[in-house]
J.: 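Quick one: the structure is below, and I'll ask about it shortly.
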Amino acid sequence: MRLSKYQLAILALITTNIIWGASIPIFKWSLESMPPFTFAFLRFFFASLFLLPFTVHKLKISRRDLVSLFVLAIVGFVFQIGFLLLGLSISSSINSAIILTSAPVFLIIGSTFFLKERLSQRIIVGTLISLAGVVVIILRPVFDKGLDGTIIGNVLFVFSTLSLVGYSILLKNFVTHLKTITITWYLFAFAALIFFPFFLMESTQHQLKQILTPEATFGVLFGAIFTSIIGYLGYNYGIKTIKASEVGLFLYVDPIVTGLVAVPLLHEKITQIFLLGAMLVFVGIFIAERRIHYHPINKIFKP
């Protein structure tokens with residue numbers, strides 16, 4: 001069976017969100033021995049280096065596109081990844097994955113006002129129910145053990161999510177005429193360049209040979225190859241092909257994968273409050289999709 005361009009975009013988004021879901025606890029695991037900005041710089045430096053042989057003949061673009069890509073790198077990489085890594089240093093990876101599922105709500109608002117996309121009542125109602133589940137997850141530390149530092153981490157996760165939403169909307173508007181692999185390489189290179197000064201600041205406090213533990217090395221390589229190259233190629237291809245508001249629905253894959261990895265790797269606990277929030281999230285998805293209308297399997301194998 002030959003897949004259409006639209007079906008390939010759906011498959012790319014499924015793969016991307018499985019990888020991104022697994023990467024969150026892996027990154028937290030790596031951050032136990034490596035500072036966040038050092039991790040971010042090494043991840044994007046190696047990602048751009050690995051991708052360069054495949055893009056070296058496709059890098060000639062206009063000055064206007066360079067400016068657009070630089071803005072995209074700041075919003076979608078420096079802000080989004082920076083807030084995420086800082087949040088992971090003080091909060092749980094499971095919280096991060098669930099909070100990221102609030103992105104569809106902001107994508108709906110953004111795609112309506114900025115991209116003029118028309119949305120059905122079903123998608124709006126379902127997404128709002130899912131948002132209620134996300135709010136429960138955000139407040140989970142209060143229910144479980146009272147106020148503590150994880151609330152700050154959760155707020156940073158919200159900022160990271162908003163940055164991802166901004167990136168998605170800007171990508172849809174800015175550089176749709178460029179090849180996906182060209183966009184991706186420039187974003188990696190710009191991200192590495194911007195994170196470099198922060199890496200130098202952290203290097204005055206930590207020697208690289210001391211913080212480059214097996215856990216940190218694995219996280220950097222996983223982040224460079226899977227999360228960055230495979231993940232962003234798939235995401236950039238998918239969002240250039242389908243509506244931005246539909247892209248957000250695939251973020252609901254992340255918390256499932258994150259939980260499957262975080263529990264054995266980090267020994268994080270899935271509480272009753274967490275399960276209540278997750279249930280609301282997925283009930284909202286079912287309502288929004290109506291007979292799993294946006295379910296990945298349905299989209300891929302639809303005749």
Side-chain angles (χ1 to χ4, degrees), residues 19-53 73-97 99-100 141 148-157 159-160 163-164 184-232 254 257-269:
I19 291 172
W20 284 357
S23 69
I24 294 174
I26 291 174
F27 289 173
K28 183 173 179 62
W29 185 52
S30 301
L31 291 173
E32 293 177 357
S33 57
M34 179 175 284
F37 294 124
T38 298
F39 181 90
F41 166 72
L42 292 176
R43 169 191 169 183
F44 291 119
F45 172 77
F46 284 114
S48 61
L49 190 64
F50 295 155
L51 198 59
L52 184 59
I74 293 175
V75 175
F77 286 72
V78 178
F79 288 165
Q80 196 255 324
I81 300 301
F83 286 134
L84 174 64
L85 295 178
L86 289 173
L88 283 175
S89 65
I90 55 178
S91 187
S92 71
S93 62
I94 295 179
N95 284 354
S96 169
I99 290 171
L100 281 170
D148 61 12
T150 59
I151 294 293
I152 298 175
N154 291 345
V155 172
L156 291 172
F157 293 149
F159 288 152
S160 177
S163 300
L164 177 61
T184 305
W185 184 87
Y186 272 108
L187 292 175
F188 291 164
F190 282 143
L193 181 65
I194 298 170
F195 276 121
F196 182 66
F198 299 97
F199 161 70
L200 291 180
M201 292 172 57
E202 290 181 339
S203 66
T204 62
Q205 302 175 355
H206 307 276
Q207 292 186 354
L208 189 59
K209 63 180 180 180
Q210 294 177 337
I211 62 177
L212 207 57
T213 62
E215 295 84 358
T217 302
F218 178 83
V220 167
L221 292 177
F222 185 90
I225 297 171
F226 290 95
T227 312
S228 296
I229 295 177
I230 297 176
Y232 277 99
D254 289 23
V257 180
T258 298
L260 291 174
V261 177
V263 171
L265 182 65
L266 302 173
H267 306 292
E268 294 184 359
K269 295 181 180 180

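This chain uses plain numbering: 1 for the first residue, then up along the sequence.
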J.: Roughly how far, to the nearest 0.5 Å, is the CG atom of Asn95 from the CG atom of Leu156?
T.: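 The distance works out to 12.5 Å.
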J.: Quick check: closest heavy atoms across Phe222 and Ile19, and the distance to 0.1 Å?
T.: CE2-O, 4.2 Å
J.: Strictly under 6.0 Å, is that where the ring centroids of Phe41 and Phe198 end up?
T.: no
J.: Working to the nearest 0.5 angstrom, can you tell me the gap between Ile211 CD1 and Ser30 OG?
T.: 11.5 Å
J.: Just how far is it from atom CZ of Phe159 to atom CD1 of Ile99, taken to the nearest 0.5 Å?
T.: 11.5 Å
J.: Counting only heavy atoms not in Phe226, do more than 12 fall under 6.0 Å of its CZ?
T.: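 12 or below, so no.
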J.: Return the set of residues passing ring pair (Phe, Tyr, Trp, His ring centres under 6.0 Å) with Phe79 (not counting sequence neighbours), or none when no residue passes.
T.: none
J.: Tabulate below the donor-acceptor pairs under 3.5 Å that side-chain atoms of residues 190-197 make, not counting sequence neighbours, or state none.
T.:
none

J.: Taking all non-hydrogen atoms of both residues into account, name the closest pair between Ala73 and Leu187 and its distance.
T.: N-CD2, 3.5 Å
J.: Taking all heavy atoms of Leu85 and all of Phe39, pick out the closest pair and write down the distance.
T.: CD1-CD2, 4.0 Å
J.: For Tyr232 together with Trp185, are the ring centres under 6.0 Å from each other?
T.: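 Distance test on ring centres: not under 6.0 Å, no.
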J.: Looking at Phe199, I'd like to know if its CZ atom is crowded, meaning that more than 12 non-hydrogen atoms belonging to other residues, nucleotides or ligands lie closer than 6.0 Å.
T.: yes
J.: For the residue pair Ser33 and Glu215, confirm or rule out a side-chain donor-acceptor distance under 3.5 Å.
T.: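 Glu215 and Ser33 do not have a side-chain donor-acceptor pair below 3.5 Å.
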J.: If you look at every heavy atom in Pro264 and Gly259, which pair is closest and at what distance?
T.: CD-O, 4.3 Å
J.: Write down the atom of Ser93, the atom of Ala262, and the distance for their closest heavy-atom approach.
T.: OG-CB, 3.4 Å
J.: Please say which of Leu84, Leu86, Ile81 ends up in a side-chain contact (heavy atoms from CB on, under 4.5 Å) with Pro36.
T.: Leu86
J.: Just how far is it from atom CZ of Phe27 to atom CG of Leu88, taken to the nearest 0.5 Å?
T.: 9.0 Å
